[in-house]
There are 2 protein chains.
Amino acid sequence: MTTPAEGQRQNYHHGDLMQALLAAGVDLAREGGPDAVVLREATRRVGVSPNAAYRHFADRDALLDAVSDAALAQLATAIDAHFDAIAPGDAETVARAHLRAVGTGYVAFAQDEPGLFRAAFFVPADLHNPGTAARSGPSGRSPFVLLADALDEFVACGIMPSARRPQAEFLAWSAVHGFALLVIDGPLRALPRGQADAVTQRVIDMVEAGLTAP
Amino acid sequence: MTTPAEGQRQNYHHGDLMQALLAAGVDLAREGGPDAVVLREATRRVGVSPNAAYRHFADRDALLDAVSDAALAQLATAIDAHFDAIAPGDAETVARAHLRAVGTGYVAFAQDEPGLFRAAFFVPADLHNPGTAARSGPSGRSPFVLLADALDEFVACGIMPSARRPQAEFLAWSAVHGFALLVIDGPLRALPRGQADAVTQRVIDMVEAGLTAP
DNA sequence: ACGATATGTTTACGCTGTCAACACTTGCAT
DNA sequence: ATGCAAGTGTTGACAGCGTAAACATATCGT
């Protein structure tokens with residue numbers, strides 16, 4: 001009975017305003033990217049006065065940060081799904097499939113949820129540490145860690161020299177991240193989804209070949 | 001005598017407000033990126049009333065578009081410099097050097113002028129057509145065209161199969177663009193310049209190897 | 001010389017983020 | 001149980017922003 005009925009909010013207190021504002025903020029980001037996450041509009045949607053937000057977020061940036069973390073978590077979940085869908089097989093095949101899954105999931109999320117994707121990278125915190133786990137998916141591994149794991153597999157099965165391993169995450173990430181941006185609001189934004197998907201695979205081809213080149 | 005002395009602006013008319021506002025806008029973008037391009041602040045710096053801007057720009061977005069074009073032109077100029085500094089030699093060496101020059105110049109500009117770089121891609125118009133040439137450097141070739149030229153050379157000297165040529169610009173561009181973003185406000189933003197430059201070269205290595213792989 | 005047009009100004013409105021002061025509710029200590 | 005402190009939501013206010021309408025002044029073509 002701690003959580004009252006959600007039907008009418010004639011209570012003076014809301015119950016879980018923090019969460020409600022975050023949800024509203026995520027909706028706003030989904031609809032229009034980080035710029036659309038407007039404090040007053042979020043409170044309006046929740047049905048509360050503008051300044052109520054300040055009891056839970058220091059300022060608009062704090063709300064946006066929380067939204068960004070939530071968006072990053074959704075990205076992680078989306079990638080997780082691709083990553084876990086890989087069928088078992090010999091190490092090299094699985095390693096290549098893992099890398100491809102991360103890239104494909106990354107770009108697919110950007111295409112499906114461009115607003116959230118932009119919000120996720122608006123204040124691009126460093127993704128090394130999962131940061132209160134708000135940024136990782138159900139597996140607890142952030143997209144960055146999934147990518148790192150895939151690359152470790154590359155080294156383990158001998159298709160990538162270990163000398164080239166350090167910082168290789170950033171090489172792969174650069175290509176996929178840049179491509180995602182080009183697709184969602186760059187010159188490739190007009191490309192039909194099918195064609196864009198084909199180019200996505202070529203981007204990953206390039207990364208794979210570039211990292212495993214002799 | 002059409003252009004009066006610039007000393008005092010006790011004239012009712014400004015002379016070249018359009019250009020002055022653009023310059024102020026570019027300064028603002030340089031200092032704080034696209035969000036810092038604020039109409040009222042630009043007019044304030046020029047010493048004119050806020051609404052004077054509306055005689056020359058339809059709205060704030062129009063000003064930002066003009067700033068974006070100017071920033072893109074500066075990017076083009078920076079890349080031109082790297083591109084033209086390539087010493088003559090055999091075709092393959094020159095081709096590889098050209099690709100490297102475009103990538104290096106691109107990232108260097110992002111590092112030297114992060115605000116302008118972000119502004120340049122804020123409303124990322126399609127870069128196929130040079131667009132009233134406001135977007136290209138002194139050579140008249142936009143960065144996109146310079147990249148395309150370099151890739152054409154790859155095909156011409158036989159290190160890249162022509163079947164792989166279509167849309168290869170976007171593969172190379174993705175990697176370099178994504179890396180630039182990771183460096184200026186992503187997780188690599190704390191990396192010392194020297195180390196970042198080393199990774200830049202590795203990104204280009206990856207692109208080169210990925211595009212020319214057997 | 002004079003009227004049309006271009007250019008800059010003033011005034012005003014609604015929107016935003018945010019501060020300060022106030023009101024209600026809850027929960028803990030007596 | 002009572003009463004006070006802390007937590008939470010509201011009201012009112014302010015400055016800054018983009019922008020529309022009405023007005024003022026300069027420039028130019030005839």
| request: Whole angstrom is fine here: how far is it from CD in A:Glu41 over to C1' in C:dG17? | output: 14 Å

| Atom OH of B:Tyr54 and atom C1' of C:dT10: how far apart are they, to the nearest Å? | 15 Å

| note | In terms of heavy-atom contacts, B:Ala120 and B:Ala71 come closest through CB-CB, 3.8 Å

| Nearest non-hydrogen partners of B:Val107 and B:Val176, listed with the distance | CG2-CG1, 3.8 Å

| Atom-to-atom span, CG of A:Asp59 to C1' of C:dT16 - whole angstrom | 14 Å

| query | Which of the following nucleotides, D:dT19, D:dT11, C:dG17, is nearest to the side chain of A:Arg40? | reply | C:dG17

| task | Find the distance A:Leu17:CG to C:dT26:C1' and express it as a whole number of Å. | result | 16 Å

| query | Separation of B:Leu64 atom CG from D:dG18 atom P, in whole Å? | reply | 11 Å

| said: Among residues at least two apart in sequence or on other chains, which ones pass salt bridge (charged side-chain N to carboxylate O under 4.0 Å, His left out) with A:Asp112? | reply: A:Arg193

| Listed in order of residue number, which residues of residues 23-39 of chain A have a non-hydrogen atom at under 4.0 Å from DNA chain C? | A:Val38, A:Leu39

| said: Checking ring-ring contact (aromatic ring centres under 6.0 Å, His included) between B:His177 and each of B:Phe109, B:Phe121, B:Phe170, which is the one that passes? | reply: B:Phe121

| message | Could you check whether B:Gln111 and B:Thr200, counting side-chain N and O atoms only, form a donor-acceptor pair closer than 3.5 Å? | response | no

| message | If the cut-off is 4.0 Å, is A:Arg55 near the phosphate of C:dT18, judged by side-chain N/O to OP1 or OP2? | response | no

| message | Does a side-chain N or O of B:His56 approach OP1 or OP2 of C:dA6 to a distance below 4.0 Å, or not? | response | no

| What pair of heavy atoms forms the shortest contact from A:Ala168 to A:Leu151, and how long is it? | C-CD1, 3.7 Å

| said: Nearest whole Å is fine: how far is D:dC17 C1' from B:Leu63 CG? | reply: 14 Å

| remark: Between CZ of B:Arg60 and P of C:dT16 the distance, given in whole Å, is 16 Å

| note | Rounded to whole Å, the CD-P distance (B:Gln19 to C:dT7) equals 14 Å

| message | Under the criterion side chain to side chain contact (heavy atoms under 4.5 Å, CB included), I'd like the reasoning laid out for A:Arg30 against A:Gln74: C-alpha separation, chi angles, the key distance, then a yes or no. | response | CA-CA 11 Å; A:Arg30 191 193 332 271; A:Gln74 286 195 225; 4.2 Å; yes

